[in-house]
S.K.: 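Provided herewith is a single structure, encoded as structure tokens, for subsequent inquiry.
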Amino acid sequence: RAWRTCAIRGRGRGPTDRRQPGASIRYASALGRTRPRRPPSRQVVARSLPSEYVVPMLIDSHCHLDYPDLAPDLSGVLARAANAGVGAMLTIGTRIRDFPRVRAIAEAHPHVYCSVGIHPHEAANENADVAALVSEAAHPRVVGIGETGLDYFYDRSPRPQQQANFRAHIEAAQRTGLPLIVHTRE
């Protein structure tokens, strides 16, 4: 294909309406069509690897492998996930008192990681301590802070306590540089 780059200086033509003045686009001069530029990294990867090596990997970014219902068949759950193409899992902490169990699951399985936090429903039973969250987050299998947030739909915990815990989680995430895992509900 005869692709070439040109600079359109905001003249209100086709797809350039959404671009900044002076932005460049690619177009096929033979076909007279315009097409946005693809990121070069995606083009290079697709061209450099044979198709048999390009296998999509799924990541379960939010699961609760520590829940009692899964305990009898945890190895089966992990095997079924792997057979379905799930290459990594993030088991989410919902209580500080249960974090040792969450961490143990992540330590026992090389493709499972964890987070440390207090779910908004548990805010009535546990106070988030920034120092404790930061300390637990130092473990190499911990990749996030939370699950935290505000859940006013069910109101299972007092709103002021949910807010205080949420603030503590935000501060712990800032101190550690780890992502904050936020529970949201209407």
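Heads up: numbering here begins at 1 and tracks the sequence. All values reported here derive from a predicted model rather than from experimental measurement.
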S.K.: To which residues is Val130 joined in a hydrophobic cluster, defined by side-chain heavy-atom contacts under 4.5 Å among Ile, Leu, Val, Met, Phe, Trp and Tyr, whether direct or through other members?
M.R.: Val134
S.K.: Holding to salt bridge (charged side-chain N to carboxylate O under 4.0 Å, His left out), I want the full list of residues that pass it with Arg141, two or more places apart in sequence or in another chain.
M.R.: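 Here no residue qualifies.
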S.K.: Salt bridge or not for Arg97 and Glu126, using N-O below 4.0 Å?
M.R.: yes
S.K.: Who are the ring pair (Phe, Tyr, Trp, His ring centres under 6.0 Å) partners of His169, not counting sequence neighbours?
M.R.: none
S.K.: Among residues at least two apart in sequence or on other chains, which ones pass side-chain hydrogen bond (donor to acceptor under 3.5 Å, both in side chains) with Gln174?
M.R.: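 Gln174 satisfies side-chain hydrogen bond (donor to acceptor under 3.5 Å, both in side chains) with no residue once adjacent residues are dropped.
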S.K.: Just grab all the side-chain hydrogen bond (donor to acceptor under 3.5 Å, both in side chains) pairs involving residues 78-92, residues at least two apart or on different chains.
M.R.: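 Only Asp73-Arg80 qualify under side-chain hydrogen bond (donor to acceptor under 3.5 Å, both in side chains).
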S.K.: If you look only at pairs with a residue in residues 69-111, which of them pass as a ring-ring contact (aromatic ring centres under 6.0 Å, His included), with sequence neighbours excluded?
M.R.: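 Every pair satisfying ring-ring contact (aromatic ring centres under 6.0 Å, His included) with a residue in residues 69-111: there are none.
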S.K.: What residues, two or more places apart in sequence or in another chain, satisfy side-chain hydrogen bond (donor to acceptor under 3.5 Å, both in side chains) together with Arg103?
M.R.: Glu136
S.K.: Would you mind listing every ring-ring contact (aromatic ring centres under 6.0 Å, His included) that reaches into residues 63-86, with sequence neighbours excluded?
M.R.: His62-His64, His64-Tyr67
S.K.: Kindly state each residue pair satisfying salt bridge (Lys or Arg N to Asp or Glu O under 4.0 Å) with at least one member in residues 168-178, sequence neighbours excluded.
M.R.: Glu171-Arg175
S.K.: With sequence neighbours excluded, what pairs up with Ala124 under the side-chain contact (heavy atoms from CB on, under 4.5 Å) test?
M.R.: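 Ser157, Pro158.
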S.K.: Taking side-chain hydrogen bond (donor to acceptor under 3.5 Å, both in side chains) as the definition, give me every residue that meets it alongside Asn165, ordered by chain and number, with sequence neighbours left out.
M.R.: Gln161
S.K.: Who pairs with Arg159 by salt bridge (charged side-chain N to carboxylate O under 4.0 Å, His left out), at least two apart in sequence or on another chain?
M.R.: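 Scan of Arg159 (salt bridge (charged side-chain N to carboxylate O under 4.0 Å, His left out), adjacent residues dropped) gives Asp155.
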